[in-house]
Amino acid sequence: MIPVPLVIIRSDADALITVNGQPAGECSNGGHVALPVSDTGDYYICAHPLNHAGSMKHCAVMRKFTFEGGVMTKGASDDADVVKWPQGVYEIGMKVCKVYDAAATPPHVVERMSVPQHSGTPATITLYYENGLRAVAEEGACGATMGYALGYGTHGSISFIDAGDVLLSVIHAKLVDAERAVALDGLFRPILDVEGDSVFVEDGRIVCIKRANTLLRHEEMTVHEYVRGEFKIQKRDRGFFTRAYERPKGNADTARAFCEAVKEGFREETMSYLTEDMRKNLDFSQIRTFLGEFSSVRTPVGDVLGTAVGLISRGAGGISEARLFSFEFDNGLVSNMAEL
């Protein structure tokens, strides 16, 4: 017997969900809409945003999802993430269209700096806003020698690194959802372009910190140093650099943090979530083999006890698949685990 598929719909912004033109419910505050669908047929699911976010306008997005014999065969896309759970459950994450309102901020100069020691020729770098952050370098009477579009944001700065044989210019842009740094050589040619959650210059080096997609928001720090005409990675480390480690609270968060630590290869953190008996009987490689390969961890809908997680891996047609694992706990530590 072919099971009747169940569709769970989420949205990354407060939205009204419609299915084939009919209202199905509202997604807000991390909520979802759930409904059974036919084992064969086409479904047009649309997320209608209910508000905007400052200068960012939210617009509706609609995508077509096709089922054949109880299996979704079409629907995953860049703005519609699909995860197939056991027992014919499909979780769809709709991503509404986000457009920046250029008229919200008029064009203006953010910062203009004279470039010191530039071969005796006056030179300036201007960071300005015009439908996003842009930069231009001008030398003498020649006019603009470099133009650069940095992305959407309204704040930034210009600084310099004295590398001995050359003075490097660094343009720092604070974008809506990231920070970006572009380093220019003496001829204003870009020689390094990095983007992360935090980017800054420290002791003549450019430091980039990126947050991992984990519950505890682990970070990766990369330090770039100018050596003989180019930037090279001087150091790369993972841990917590802009915030302190906070132990997860509750069984659900502990199970997720445990699986994410295994995925990221954090041996010490992985073992810290286990009871003493589990640490004695299992080593890290055995745990990693048992859980297998996966790209992310998600708590399944309806897990009120907080004892299960879904390990997500990419499947055919861009549709991810979830394997369910259950956990037992003793005083907040994992005492047993099994695949369901």
Side-chain angles (χ1 to χ4, degrees), residues 1-10 30-32 34 36-37 39 67 69-72 76 81-93 212-218 238 245-340:
M1 181 177 177
I2 299 175
V4 175
L6 175 68
V7 171
I8 297 170
I9 306 168
R10 298 183 183 274
H32 66 274
V37 296
D39 60 358
F67 287 87
V71 177
M72 183 185 291
D81 173 71
V82 179
V83 176
K84 178 184 178 182
W85 293 86
Q87 305 301 316
V89 177
Y90 288 86
E91 185 175 359
I92 301 173
N213 185 28
T214 62
L215 174 69
L216 302 185
R217 295 161 62 197
H218 296 84
R238 295 190 299 170
Y245 166 80
E246 295 182 10
R247 193 169 182 85
K249 298 177 177 63
N251 292 343
D253 285 353
T254 298
R256 178 178 168 184
F258 167 77
C259 293
E260 289 176 340
V262 174
K263 172 185 174 294
E264 297 294 331
F266 298 130
R267 296 172 181 265
E268 184 176 341
E269 183 182 335
T270 295
M271 305 311 285
S272 73
Y273 297 128
L274 301 177
T275 61
E276 184 176 351
D277 286 343
M278 288 284 280
R279 289 196 298 268
K280 288 179 179 178
N281 295 323
L282 290 174
D283 60 26
F284 182 80
S285 61
Q286 290 174 312
I287 297 171
R288 200 160 198 172
T289 299
F290 175 71
L291 294 182
E293 296 295 326
F294 55 97
S295 58
S296 62
V297 183
R298 189 174 301 185
T299 301
V301 174
D303 178 36
V304 295
L305 298 178
T307 58
V309 297
L311 303 187
I312 314 300
S313 57
R314 202 69 169 170
I319 299 175
S320 300
E321 296 193 19
R323 292 178 294 123
L324 275 176
F325 285 78
S326 66
F327 290 82
E328 297 177 13
F329 297 88
D330 184 6
N331 290 324
L333 297 174
V334 176
S335 60
N336 196 16
M337 52 186 168
E339 185 169 5
L340 298 176

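Residue numbers run from 1 in the order of the sequence given.
Aromatic ring centroids of Tyr273 and Phe327 lie 6.0 Å or more apart. Two rings, from His218 and Tyr245, have their centers 6.0 Å or more apart.
Not counting sequence neighbours, the partners of Lys84 by the side chain to side chain contact (heavy atoms under 4.5 Å, CB included) test are Tyr90, Ile319, Glu321. Every residue meeting the salt bridge (charged side-chain N to carboxylate O under 4.0 Å, His left out) condition with Glu264, not counting sequence neighbours, appears here in chain and number order: Arg238.
Formation of a donor-acceptor pair under 3.5 Å by the Ser335 side chain with backbone atoms of Glu328 is found in this model. Checked by atom type and distance alone, the side chain of Glu260 pairs as donor or acceptor with a backbone atom of Leu215 at under 3.5 Å. Side chain of Glu269 to main chain of Phe266: no donor-acceptor pair is present (N/O by atom type, distance under 3.5 Å, no hydrogens or angles). Of the possible polar contacts, none joining the Ser320 side chain to the Gly315 backbone as a donor-acceptor pair under 3.5 Å is found. Using a distance-only test at 3.5 Å, with no hydrogens or angles considered, no donor-acceptor pair links the side chain of Asp330 to the main chain of Leu333.
Distance check: Arg279 CZ to Ser272 OG gives 8.0 Å after rounding to the nearest 0.5 Å. Separation of atoms CZ (Arg288) and CZ (Arg267) is listed at 7.5 Å; rounding is to 0.5 Å. The structure places OG1 of Thr307 at 14.0 Å from CZ of Phe325, a figure rounded to the nearest 0.5 Å. The OG atom of Ser295 sits 8.0 Å away from the CZ atom of Arg314 when rounded to the nearest 0.5 Å.
Residues Val309 and Ala255 share a closest heavy-atom pair of CG1-CB, 3.8 Å. Contact detail for Pro300 and Ala308: the closest heavy-atom pair is CD-O, 3.5 Å. Nearest approach of Phe290 to Ala338, heavy atoms of both residues: CZ-CA, 4.0 Å. Nearest heavy atom pair, residue Gln286 against residue Leu282, reads OE1-CA, 3.3 Å. The heavy-atom pair separating Ala322 from Trp85 by the smallest distance is CB-CE3, 3.6 Å. Between Gly318 and Ala76, the shortest heavy-atom contact is O-CB, 3.5 Å.
Side-chain atoms of Arg298 and Arg256, non-hydrogen and from C-beta on, never get closer than 4.5 Å to each other. The shortest distance between side-chain heavy atoms of Lys263 and Ser296 does not fall below 4.5 Å. Here the side chains of Leu6 and Glu91 are not in contact, with every heavy-atom distance at 4.5 Å or above. Two residues are said to be in side-chain contact when any heavy atoms from C-beta on lie closer than 4.5 Å; Ile9 and Val7 meet this criterion. By the 4.5 Å heavy-atom criterion applied to side chains, Val301 and Arg10 are counted as neighbours. Cys259 is listed as a side-chain neighbour of Leu311, based on a closest heavy-atom distance under 4.5 Å. Looking at heavy atoms from C-beta onward, Phe329 lies in side-chain contact with Thr254 at the 4.5 angstrom threshold. Under the 4.5 Å side-chain criterion, counting only non-hydrogen atoms from C-beta, Ile287 is in contact with Thr270.
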Kindly indicate, with the supporting measurements, whether the criterion side chain to side chain donor-acceptor pair (under 3.5 Å) is fulfilled by Ser285 and Asp283. CA-CA 6 Å; Ser285 61; Asp283 60 26; 2.9 Å; yes
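For Glu268, the CD atom sits in a loose shell: 12 or fewer heavy atoms of surrounding residues, nucleotides or ligands are nearer than 6.0 Å.
Here the rule is side-chain contact (heavy atoms from CB on, under 4.5 Å) with Val83, and of Ile92, Ile312, Ile8 only Ile312 fits it.
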